[in-house]
Asks: 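My questions all concern the structure below.
Keep in mind that the numbers below use all heavy atoms, side chains included, and drop hydrogens, waters and symmetry copies. Within every chain, numbering begins at 1; the chains are lettered A, B, ... in the order of the sequence lines, protein sequences first and strands thereafter.
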There are 2 protein chains.
Amino acid sequence: MTPTFTLHRGDSLTVLQSLPDHSVDAVIADPPYNSGGRTGNERRSTSARGKYVSGDAQHDLPDFAGDNRDQRAYLVWLSLILIECLRITRPGGHLLVFSDWRQAPVTADALQVGGWLWQGTVVWHKPVSRPMRGGFKAAAEYIQWGSNGPFDRTPELYLPGVFSASQPSGRQRRHITQKPVDGLLAELVKVCPEGGTVLDPFAGSGSTGVAAVSSGRHFVGIELTEHYHQVAHDRLTDAQRSVAR
Amino acid sequence: MTPTFTLHRGDSLTVLQSLPDHSVDAVIADPPYNSGGRTGNERRSTSARGKYVSGDAQHDLPDFAGDNRDQRAYLVWLSLILIECLRITRPGGHLLVFSDWRQAPVTADALQVGGWLWQGTVVWHKPVSRPMRGGFKAAAEYIQWGSNGPFDRTPELYLPGVFSASQPSGRQRRHITQKPVDGLLAELVKVCPEGGTVLDPFAGSGSTGVAAVSSGRHFVGIELTEHYHQVAHDRLTDAQRSVAR
DNA sequence: CAACTCTGTGAATCTTCAG
DNA sequence: CCTGAAGATTCACAGAGTT
């Protein structure tokens with residue numbers, strides 16, 4: 001059976017409220033990090049591009065929305081999102097939320113405020129990253145892991161706690177903060193049983209969906225930006241075709 | 001010139017209060033984690049051995065003290081420690097605090113409450129760790145990195161953000177939560193310039209001191225337990241002798 | 001085909017400058 | 001003095017191209 005996918009376009013919180021109870025097995029979320037948002041002072045307000053793209057970067061990827069909250073607002077907003085995700089997820093289902101080092105603590109808080117059981121922190125090690133003179137470079141992102149009540153320990157599934165993988169580059173790259181499928185997302189979707197459904201409330205260019213569909217899982221995604229909604233749709237259609245073949 | 005070391009025996013907070021202002025260049029602290037201490041309910045109350053030692057472990061290492069606070073108390077207590085450390089550290093000096101995944105957020109909070117500038121999170125990847133059925137294994141510990149005001153960016157020092165190293169085992173192992181010198185502590189002490197002084201308020205078996213002294217840094221350590229105070233003293237004396245040779 | 005060179009890049013961070 | 005925008009700086013590593 002070919003895995004199916006649904007791509008909603010709209011505000012994440014609004015669309016989540018329309019989804020039925022216990023309709024997915026796992027949630028994988030990559031919210032806008034609002035990095036540098038420790039204080040209003042440090043937060044550069046205008047756009048994501050200015051924050052995440054080097055001045056001389058050759059690519060010309062479009063901007064994305066929703067990256068301008070301060071840390072208190074981020075906690076409240078993310079908590080509301082995760083409360084809805086809990087309702088939509090079946091008991092025993094998993095939650096994975098990406099963050100950078102600045103937002104890791106507040107993300108763990110939001111996960112627990114949202115009613116999830118905090119199960120641990122998974123590390124995404126990025127071997128290619130900028131050096132830092134006089135100290136340690138920021139070479140990792142963090143994935144907070146939670147479950148809707150106790151999770152099922154019967155499956156023969158043993159996942160590592162640290163993943164090492166590089167961001168897609170060149171023509172492979174469709175989104176500023178795109179995550180790699182091989183070595184990362186393809187592993188993470190394994191917390192959803194085959195034939196189950198994965199939800200991504202911030203689908204972006206759809207990498208999570210590609211990982212899900214390519215490995216026999218259904219996918220439900222939400223994306224606000226029209227451009228990325230279209231990109232995700234195209235990539236998912238391709239992935240689905242590859243599986244069917 | 002042979003690096004010197006001083007080992008105080010006593011309660012960390014009390015001894016710290018007796019140390020002079022701006023007398024060290026870097027603080028590397030490995031406080032008792034109080035793991036499982038998110039809630040009183042989850043915390044196993046009796047001793048560190050029950051928490052950190054597998055039932056079938058062959059070794060017979062002594063217990064250590066101070067591992068029975070709940071999370072609110074841990075925040076307050078660690079903040080007080082780090083406030084004192086800030087006073088003792090010269091402006092521009094570095095702070096590194098170990099934690100497991102449960103305590104990572106509260107450790108980042110305590111660091112900032114203590115007046116340090118939070119600079120990032122360093123990952124200690126432990127490749128050999130217990131597998132976790134049905135999910136991700138806990139294969140990492142976290143090191144919160146701070147500085148006393150802006151840190152010096154002139155030294156030609158470029159450190160990675162993720163370190164991979166295994167816990168000492170067998171006869172090498174002198175403490176339940178001992179950290180490896182090679183591949184971890186030997187790298188971390190580099191945030192202190194050669195000829196400078198490293199402070200460890202929870203010296204344990206003295207691994208941080210061994211890394212410091214072996215690489216030409218002076219060391220000040222504090223340890224409460226008589227047994228570990230003696231172990232650390234012996235290991236440091238050996239390390240000093242090796243350098244002098 | 002393996003080994004090597006070369007070029008491009010980066011969820012970054014700091015400094016400078018204008019308002 | 002405080003705030004925000006723009007420009008400069010950094011080097012380990014991936015990946016393409018070449019010997």
Asks: Establish, from distance only, whether the side-chain atoms of A:T177 and A:H175 form a donor-acceptor pair under 3.5 Å.
Replies: yes

Asks: Specify the separation, in whole Å, of atom CH2 of A:W101 and atom C1' of C:dT13.
Replies: 11 Å

Asks: Can you name the side-chain hydrogen bond (donor to acceptor under 3.5 Å, both in side chains) partners of B:W116, sequence neighbours left out?
Replies: none

Asks: Can you tell me how far C1' of D:dA12 sits from NE2 of A:H125, to the nearest Å?
Replies: 11 Å

Asks: Can you list the stems that DNA chain C is part of, where a stem is at least 3 pairs in a row, each Watson-Crick or G-U, with both distances below 3.5 Å?
Replies: C:2-10 with D:11-19, C:12-19 with D:2-9

Asks: Atom CD of A:Q167 to atom P of C:dG8: distance rounded to whole Å?
Replies: 19 Å

Asks: Whole angstrom is fine here: how far is it from CZ in A:R173 over to P in C:dT9?
Replies: 10 Å

Asks: Check whether any side-chain nitrogen or oxygen of A:K126 sits under 4.0 Å from OP1 or OP2 of C:dA11, and answer yes or no.
Replies: yes

Asks: Mind calculating the distance between OH (B:Y158) and P (D:dC13) to the nearest angstrom?
Replies: 14 Å

Asks: Which residue lies toward the 5' end of DNA chain D, A:V128 or A:P131, if each is placed at its nearest nucleotide?
Replies: A:P131

Asks: Once side-chain hydrogen bond (donor to acceptor under 3.5 Å, both in side chains) is applied, do any residues pair with B:Q167, and if so which ones, sequence neighbours excluded?
Replies: none

Asks: Please give, in whole Å, the distance from D:dT10 P to B:L159 CG?
Replies: 17 Å

Asks: Which comes earlier along DNA chain D counting from the 5' end, the contact point of A:P127 or that of A:R133, where each point is its nearest nucleotide?
Replies: A:R133

Asks: Whole-Å distance between C:dA11 C1' and A:D100 CG?
Replies: 7 Å

Asks: Do the side chains of A:E141 and A:K126 get close enough for a salt bridge, i.e. N-O under 4.0 angstrom?
Replies: yes

Asks: So if I apply the side-chain contact (heavy atoms from CB on, under 4.5 Å) rule between B:L95 and each of B:I28, B:L111, B:L117, B:V191, which one comes out positive?
Replies: B:L111

Asks: Would you mind telling me which of C:dA11, D:dC11, D:dA14 lies closest to the side-chain atoms of A:T177?
Replies: C:dA11

Asks: For C:dA11, take OP1 and OP2 only and decide whether either is under 4.0 Å from a side-chain N or O of A:Y33.
Replies: no

Asks: Salt bridge or not for A:D238 and A:R241, using N-O below 4.0 Å?
Replies: yes

Asks: Does any donor-acceptor pair link the side chain of A:D30 with the base of C:dA11 at a separation under 3.5 Å?
Replies: yes

Asks: It should be established whether A:R102 places a side-chain nitrogen or oxygen under 4.0 Å from OP1 or OP2 of nucleotide C:dA11.
Replies: no

Asks: So, is the end of the B:K179 side chain (NZ or CZ) under 6.0 Å from the ring centre of B:F98 and within 45° of the ring's axis?
Replies: yes

Asks: Please give, in whole Å, the distance from C:dA12 P to A:Q103 CD?
Replies: 12 Å

